[in-house]
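Note that the structure is predicted; figures quoted are calculated from it, not measured.
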Amino acid sequence: MTASNSSVHPVFERRESEARSYCRNFDTTFTSASGSEMTDSTGKTYIDFLAGCSSLNYGHNDPDMKTALIEHISNDGIAHGLDMYTDTKAAFLETFEEKILKPRGMDHKVMMVGPTGTNAVEAAMKLARKVTGRSNVIAFTNGFHGMTMGALAATGNAGKRGGAGMDLHGVTRMPFEGAFGDNIDTLSLIEQMLDNPSSGVDAPAAFLLEPVQGEGGLNAASKEWLEGIGRLAKKHGALLILDDIQAGIGRCGTFFSFEEMDVQPDLIPLAKSLSGMGLPFAALLIRPQYDIWKPAEHNGTFRGNNHAFVTARVAIEKFWSDDQFQKDIARRGEIVKAGLQQIADMVPSATLKGRGMMRGVDVGSGDVAGAICARAFEKGLIIETSGAEDEVVKILAPLTTPDDVLQKGIDILTSAAAETLETTKIAAE
């Protein structure tokens, strides 16, 4: 799609950088949003199955978060305070401690980093190297960890890496589970490489991976595989970094994506839905024995967003004080899975990907997946692709999406898929 829609102001084409991306697929100007829906300047409303790429797990403009934030601003609450002590930071940390960490038997320290996920990953890689005295980080095929230079080195996508303008180093790439097909045990392969003193793989400072690969195609690590990586990290004196930026905050069914697995991550980068309302907020969770930073050794002007502290606290209190929200996610995840199965049944060799409310269907072709998403947008659904070749149609609907709205979105997607596949079939004939 191009910027020819009359609802799109020409200033975007005239003045905004060519680096813009999502807007190229959603050719309209959005003006308002509520819950799981967005409205454009023509008055057309779309169901949102992208949710800020999982930055809006609780939907757009949650009323309780909005009320708390407006009250904070109206009372001249702190907007920016570097990393000074504030009442909003204290309230967030106490809530996070009582409702997230303690119930899960976790004692991690919370490090405030710059406002984006890539900064949390940079801090994790830097700290792992500082703790171990080693430089090599093991990352995985199809992984995505951010666009700044260190995180980009750990990212697999060739197109994104191509923007670096220089060599990316300090990382050894290993195959994620299933990378070579179901018949290849990548965990065994990795273990053999690390155990072999002539493999050429330097002793790692850390293993860095996403339990479910967001941009890499929704590849979901099994319990056995992820626990095996955890054992390898301990065996080789490396830290385990589980990047929960996209897969966490309820997206996979539990607050952390790895809760149902017997792993103890040493470092956990968080961002995206951490603020609860789409505000910039990232943090790195650190097991206390590894919190060896010197003051200001890793900092940033915008480390800790006081407005985000307000909304994050409300989000945790509202959705994570008991297990009801988690049960809702499980139920809605099954609705999504059933809908995607309908699409999979239309495409020979199609496979379902992901888990929880982080799901998609691999239709085997980036062109087909892109066409399905484009047709869905025409019909009133915002949805994107994922994977090395953009071959996965990926659903990241808000976790709070009402069942009827969720089903309506799935019906639009199924219809778009059927129409696209029929057109593709006719063209092939």
Side-chain angles (χ1 to χ4, degrees), residues 21-22 25-26 33 35-38 46-62 65 100 115-121 142-147 151 155 157 160 209-221 242-259 268-283 308 311-312 315-316 319-320 325-326 328-330 332-333 336-337 340 353-361 373 381-387 390 392-401 406 409 413:
S21 60
Y22 286 106
N25 293 331
F26 306 117
S36 300
E37 297 178 313
M38 299 180 71
Y46 300 78
I47 296 173
D48 184 6
F49 272 16
L50 180 60
C53 207
S54 207
S55 295
L56 294 161
N57 284 0
Y58 309 109
H60 295 267
N61 288 309
D62 175 89
M65 297 181 211
I100 301 301
T116 64
T118 192
N119 197 283
V121 172
N142 289 304
F144 177 78
H145 300 286
M147 300 295 282
T155 291
N157 184 278
K160 293 179 172 62
L209 70 150
E210 305 154 272
V212 179
Q213 295 184 320
E215 301 306 304
L218 299 181
N219 305 305
L242 294 187
D243 179 344
D244 236 10
I245 291 168
Q246 188 169 145
I249 324 295
R251 177 54 61 183
C252 290
T254 51
F255 188 86
F256 297 107
S257 67
F258 50 82
E259 286 184 36
I268 308 167
L270 295 174
K272 290 194 181 288
S273 282
L274 182 59
S275 76
M277 199 174 170
L279 299 175
F281 182 22
T311 55
I316 293 170
F319 293 102
W320 298 101
F325 184 54
Q326 186 169 314
D328 289 342
I329 297 171
R332 290 180 179 131
V336 171
K337 182 180 179 181
L340 289 171
K353 308 293 291 289
R355 56 187 173 90
M357 284 281 282
M358 189 176 185
R359 292 185 185 271
V361 57
C373 292
L381 179 70
I382 300 168
I383 189 169
E384 261 287 6
T385 60
S386 175
D390 292 317
V392 177
V393 177
K394 173 185 180 182
I395 293 180
L396 291 176
L399 308 180
T400 55
T401 305
L406 187 63
L413 181 61

To the nearest 0.5 Å, how far apart are [atom1] in [X] and [atom2] in [Y]?
X    : Y    : atom1 : atom2 : value
N157 : D390 : CG    : CG    : 8.0 Å
S273 : R251 : OG    : CZ    : 7.0 Å
D243 : L209 : CG    : CG    : 8.5 Å
L279 : M65  : CG    : CE    : 10.0 Å
N219 : S386 : CG    : OG    : 8.0 Å
L340 : K394 : CG    : NZ    : 13.0 Å

Would you say the side-chain atoms of [X] pair up with the backbone N or O of [Y], donor to acceptor, closer than 3.5 Å?
X    : Y    : result
T311 : S275 : yes
T155 : H145 : yes
R332 : T401 : yes
E37  : A33  : no
Q326 : A330 : no
K353 : A220 : no
E210 : F144 : yes

Any idea which heavy atoms bring [X] and [Y] closest together, and the distance?
X    : Y    : answer
D48  : P398 : O-CD, 3.1 Å
C53  : Y22  : SG-OH, 3.6 Å
R359 : G354 : NH1-O, 3.9 Å
A282 : G117 : CB-N, 4.2 Å
N57  : I249 : ND2-O, 3.0 Å
Q246 : S54  : O-OG, 3.3 Å

**OP:** Kindly write out the residues that satisfy side chain to side chain contact (heavy atoms under 4.5 Å, CB included) with L56, not counting sequence neighbours, or none if the list is empty.
**Re:** A51, H60
Subject >> Evaluation steps, side chain to side chain contact (heavy atoms under 4.5 Å, CB included), between F281 and L270 >> reply: CA-CA 8 Å; F281 182 22; L270 295 174; over 6 Å; no
Subject >> Non-neighbouring partners of F258 that pass ring-ring contact (aromatic ring centres under 6.0 Å, His included), sequence neighbours left out >> reply: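 Result, ring-ring contact (aromatic ring centres under 6.0 Å, His included) vs F258: F256.
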**OP:** Can you sort out the partners of F319 under ring-ring contact (aromatic ring centres under 6.0 Å, His included), two or more places apart, ordered by chain and number?
**Re:** Y58, F325
**OP:** Would you sort out whether I383 and L50 count as a side chain to side chain contact (heavy atoms under 4.5 Å, CB included), showing the intermediate values?
**Re:** CA-CA 5 Å; I383 189 169; L50 180 60; over 6 Å; no
**OP:** Take L218 and Q213 through the side chain to side chain contact (heavy atoms under 4.5 Å, CB included) test and state the conclusion after the steps.
**Re:** CA-CA 5 Å; L218 299 181; Q213 295 184 320; over 6 Å; no
**OP:** Check step by step if side chain to side chain contact (heavy atoms under 4.5 Å, CB included) holds for F49 and I382.
**Re:** CA-CA 5 Å; F49 272 16; I382 300 168; 5.9 Å; no
